[in-house]
Amino acid sequence: MKEPLISTHQLSCRYGSLEILKDLHLEIPQGSIYGFLGPNGAGKTTTIRLLLGLIKPTAGSIRLFGQELERHRVQVLQRVGALIETPSLYKHLSGRDNLEVMRRMVGLKKSRVDEVLEIVRLRQDAHRPVKQYSLGMCQRLGIALALLSDPELLILDEPTNGLDPSGIREMRELLKELNQEHGKTIFLSSHLLSEIEKTVTHVGILHQGQLRFQGWVQELQKATQRASTVEVEVGNVLLANEILLGIGHAVETLDAQRLRVAVQEKEEAAALNHFLVEGGVAVYNLAFTAQSLEEVFLSMTEAPVLESSAKTQLQPVLQT
Ligand code: ATP
């Protein structure tokens with residue numbers, strides 16, 4: 001198995017007495033688009049600052065490209081491009097000149113500016129002053145700056161934050177293209193699953209500084225099928241309730257004819273129907289309702305962190 005491009009081991013960080021991150025084990029596979037999700041204040045930006053060597057962890061270690069960040073900081077960070085929140089741009093200069101300033105500082109060939117303008121689709125607007133750019137254009141220019149040195153890894157903090165739906169779509173397409181056509185591994189943070197679920201291959205869910213889930217996005221989708229309910233319309237709610245409680249289901253009475261029952265597997269819906277009919281209850285309707293991806297995400301980030309049960313239930317499932 002290939003070593004992940006980014007891995008952290010028991011990474012912890014405190015600001016004074018405040019514990020912000022606790023024992024983070026991140027694994028970002030090479031070639032992935034990894035969505036680092038969590039509500040505001042979960043610790044995403046702090047993690048990104050640590051990954052970029054901008055602050056030091058209180059405990060634990062970080063490896064980038066298989067090397068300890070602490071010992072090989074300069075070599076390792078040369079291979080990383082980053083955008084933290086809104087990019088720092090010279091607003092009175094054109095998009096091209098912003099890139100040109102950075103190109104000269106880094107000492108890259110002149111043609112690289114046109115190459116990155118082309119990638120982020122800003123060539124047409126390259127001559128305009130940045131103060132006339134939309135937020136989406138500023139974000140794309142920020143990504144162009146991060147791309148100048150042709151890094152293998154891009155770390156982007158909330159790149160879709162504040163964008164309108166078309167800006168989000170453009171960003172989504174750009175990130176996919178950078179990943180699929182230019183071979184970049186991308187680590188991006190977001191507090192909204194809906195903005196990134198169509199883009200990412202892997203997800204890490206952070207809640208109160210702890211990782212609640214890490215794995216392929218399909219694994220998260222599987223969790224939606226596991227966390228399901230069945231709504232049952234019956235002739236006798238009281239009797240149905242009694243039967244279902246008797247066979248160990250959690251039941252909620254919705255109205256005079258309907259019950260909601262928690263199930264773990266699809267097959268349980270058939271068994272439940274069987275027990276009701278056997279028990280003399282007429283079943284008029286039975287509808288399976290899976291939790292949406294958003295509901296699963298919210299259930300992971302709204303409940304307080306439970307030390308042991310959360311870890312066993314949501315253990316890392318990353319495969320590379
Ligand atoms: P957001 O999306 O709102 O930026 P986040 O997940 O990126 O949230 P962080 O910015 O990492 O979260 O902040 C995590 C916690 O650390 C918050 O409670 C924040 O108040 C606190 N924090 C961040 N920076 C500092 C600092 N320099 N000093 C003290 N506390 C800080």
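Along the sequence shown, residues are numbered consecutively beginning with 1. In this text the structure is predicted, and so the values were computed from the model without any measurement. Every number for a ligand or one of its atoms is a count from 1 in the order of the listing.
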Problem set entry | Distance-only polar pair, side chains of Gln139 and Tyr133, donor-acceptor under 3.5 Å | no
For this session: Take the angle between the ring planes of His25 and His9 and call it parallel below 30°, perpendicular above 60°, tilted in between.
Result: perpendicular
Exercise. Is Arg63 paired with Glu3 through a side-chain N to carboxylate O contact shorter than 4.0 Å?
Worked result: yes
For this session: Answer yes or no: is there an ion pair linking Asp114 with Arg123, defined by an N-O contact shorter than 4.0 Å?
Result: yes
One pair per line, please: each N/O atom of ligand 1 matched with every protein N/O atom under 3.5 Å away, atom names first, then the distance to 0.1 Å.
from, atom 1, to, atom 2, distance (Å)
ligand 1, 2 (O), Asn40, ND2, 3.1
ligand 1, 2 (O), Lys44, NZ, 3.4
ligand 1, 2 (O), Glu158, OE2, 3.4
ligand 1, 3 (O), Asn40, ND2, 3.2
ligand 1, 3 (O), Gly41, N, 3.4
ligand 1, 6 (O), Ala42, N, 3.1
ligand 1, 6 (O), Gly43, N, 2.8
ligand 1, 6 (O), Lys44, N, 2.8
ligand 1, 6 (O), Lys44, NZ, 2.9
ligand 1, 7 (O), Thr45, N, 2.8
ligand 1, 7 (O), Thr45, OG1, 2.7
ligand 1, 8 (O), Gly41, N, 2.7
ligand 1, 11 (O), Thr45, N, 3.4
ligand 1, 11 (O), Thr46, N, 2.9
ligand 1, 11 (O), Thr46, OG1, 2.6
ligand 1, 12 (O), Gly43, N, 3.2

Exercise. Do Asp97 side-chain atoms and Glu100 backbone N/O form a donor-acceptor pair below 3.5 Å?
Worked result: no
Exercise. Is it true that a side-chain atom of Asn179 and a backbone atom of Gly31 form a donor plus acceptor pair closer than 3.5 Å?
Worked result: yes
